[in-house]
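None of these values were measured; they are calculated from a predicted model. Residue numbering restarts at 1 for every chain, and letters A, B, ... go by the order of the sequence lines.
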2 protein chains.
Amino acid sequence: MRTRRGPYAKSAERRQQIVEQAYRAFATRGYHGSSLREIAAASGISLSNLQHHFATKEELLVTVLTRRDEQGHGAVSGRQGLPFREHVLAQAAANEGVPGLIALYSILSAEAVTQEHPGHAYFAERYEALREEYEAEFSTLRAQGRLRPGVEPALAATTVIALWEGVQLQWLYAPDRVDAGAALRAYLDLVIVPQADAL
Amino acid sequence: MRTRRGPYAKSAERRQQIVEQAYRAFATRGYHGSSLREIAAASGISLSNLQHHFATKEELLVTVLTRRDEQGHGAVSGRQGLPFREHVLAQAAANEGVPGLIALYSILSAEAVTQEHPGHAYFAERYEALREEYEAEFSTLRAQGRLRPGVEPALAATTVIALWEGVQLQWLYAPDRVDAGAALRAYLDLVIVPQADAL
DNA sequence: GTCTATATCGGGATAGAC
DNA sequence: GTCTATCCCGATATAGAC
């Protein structure tokens, strides 16, 4: 299906504008705190026009989340093959470079803990998938004898994710006083031992 | 000033009921997601009556936060004198025992990252105070030679707080699959070496 | 595709009787 | 202290003209 030409060209463009502004709004005021009016105004269109492209607020939220997911995975796929430690740090650094991305995830993931929130399923699945992926990586490291003795892969996976998200939140409150990357690196260096042949 | 007897006795009681229900509401739906109407209904009183006791929604939020703070510190003050590691774990375990408390802090601390949020100052100061307190504790441990070499007290303080909050969030999504206490304990055991004379 | 106009609802806040 | 009634606003959503 072509979208760059033809009758849907303008629509696709509009949708992208809207998603961009919705992203900014959700990242600063959360889902409940944002209004379709402000997103429409920021997009330079009327409220009704926005609703012509996205029937409901929930549809807009889901679009924002999945859209960012695709872009995020795209940025990472170019880095495949990196060792786990470097992969995580690169991913974190990449996220830091995208304005508002950290705020978006921090705010929405907390807001969506309640079952009724439109983003609940998304984040529940996201955490689950992340934990499984990281646990597998830590298990591989352990098989290579590169995991510090006593460190459980499943627990380490949960911990890395938790640490990263928690330090991001503190960073949002006090960017000058919190170094998110350093905290993540320090933890990884605590649990992962250097590659033997690299010495 | 006496509050248990006299003309203000009923008022204090009402206020406590309201704060309790507001606490439940904020802990499940956040600040923006909660309405004074629902809190009033849960308290068994009218909206106007609630507003007679708390003029604004913001005043109610601040009251909920500070009230919980006082109760929290009260619970901890009975545990003073414990070593840092045990102190942190006890505090965490105590929080787990209070229904909704973790949800309250998780949801509100993320919601309040934006400057305009009524709870912003509270959480900014809370993080700052916590970091300073924990950094001092880690510094003491280092002076006693009980901190693993290479571990920075300031970074460890930020990390403990981040890890704790992050793992709580995952726990809210999947209580069966995440063990918050175990993750916290595992990290502390990574950075703190056992007391020498305890062997 | 885009707009104006409006419907409908729920929010916080206020007035005033009892 | 507590209520009913109401105001005013802003929210999502819909109808229909252009």
If an axis is fit to five pairs at each end of the helix from C:dG1-D:dC18 to C:dC18-D:dG1, what is the angle between the two, to the nearest 10°?
0°

Looking at C:dG12, I'd like to know if its phosphate oxygens (OP1 or OP2) sit under 4.0 Å from a side-chain N or O belonging to B:Lys57.
yes

What integer distance in Å separates A:Ile39:CD1 from D:dA11:C1'?
12 Å

Residues forming a salt bridge (charged side-chain N to carboxylate O under 4.0 Å, His left out) with A:Glu152, sequence neighbours excluded:
A:Arg142

For residues 132-140 of chain B, please give each side-chain donor-acceptor pair under 3.5 Å, one per line with the distance, not counting sequence neighbours.
from, atom 1, to, atom 2, distance (Å)
B:Ser139, OG, B:Glu135, O, 3.0
B:Thr140, OG1, B:Ala136, O, 3.0

Could you list the residues that satisfy salt bridge (charged side-chain N to carboxylate O under 4.0 Å, His left out) with A:Arg85, not counting sequence neighbours?
A:Asp189

Can you measure A:Ile45 atom CD1 to C:dG1 atom C1' for me and round it to whole angstrom units?
10 Å

D:dT2 C1' sits how many Å from B:Arg15 CZ, rounded?
16 Å

Starting from C1' on C:dC9, measure out to CZ on B:Arg37 and report it in whole angstrom.
10 Å

In residues 26-36 of chain A, which residues come under 4.0 Å of DNA chain D by heavy atom?
A:Ser34, A:Ser35, A:Leu36

Show the atom names and distances, to 0.1 Å, of all donor-acceptor pairs under 3.5 Å that link a side chain in residues 96-106 of chain B to residues at least two apart or in another chain.
from, atom 1, to, atom 2, distance (Å)
B:Tyr105, OH, B:Asp69, OD1, 3.4
B:Ser106, OG, B:Ile102, O, 2.9

Please output the side-chain donor-acceptor pairs of residues 168-176 of chain A that fall under 3.5 Å, not counting sequence neighbours, one pair per line with the distance.
from, atom 1, to, atom 2, distance (Å)
A:Gln170, OE1, B:Arg131, NH1, 2.9
A:Gln170, NE2, B:Thr158, O, 3.1
A:Tyr173, OH, B:Ser109, O, 2.6
A:Tyr173, OH, B:Ala112, O, 3.3

Under the side chain to side chain contact (heavy atoms under 4.5 Å, CB included) test, which residues partner A:Ser46, sequence neighbours left out?
A:Ser48, A:Asn49

Sequence neighbours left out, what passes ring-ring contact (aromatic ring centres under 6.0 Å, His included) with A:Phe123? Give chain and number order.
none

Output the residues of residues 46-55 of chain A in contact with DNA chain C, where contact means a heavy atom of the residue under 4.0 Å from an atom of the strand; sort by number or write none.
A:Ser46, A:Ser48, A:Asn49, A:His52, A:His53

Heavy atoms under 4.0 Å, any strand shown: does A:Arg14 hit a base, just sugar-phosphate, or nothing?
sugar-phosphate

Going by the rule salt bridge (charged side-chain N to carboxylate O under 4.0 Å, His left out), which residues pair with A:Arg177 if we only count those two or more places apart in sequence or in a different chain?
B:Glu128

Suppose we screen for salt bridge (charged side-chain N to carboxylate O under 4.0 Å, His left out). Which residues come up paired with A:Glu125, at least two apart in sequence or across chains?
none

Face-on cation placement of B:Arg67 at B:Tyr23 ring, 6.0 Å and 45° thresholds
no

Please name the pair of heavy atoms, one in A:Ala110 and one in B:Ile107, separated by the smallest distance, quoted to 0.1 Å.
O-CG1, 3.5 Å

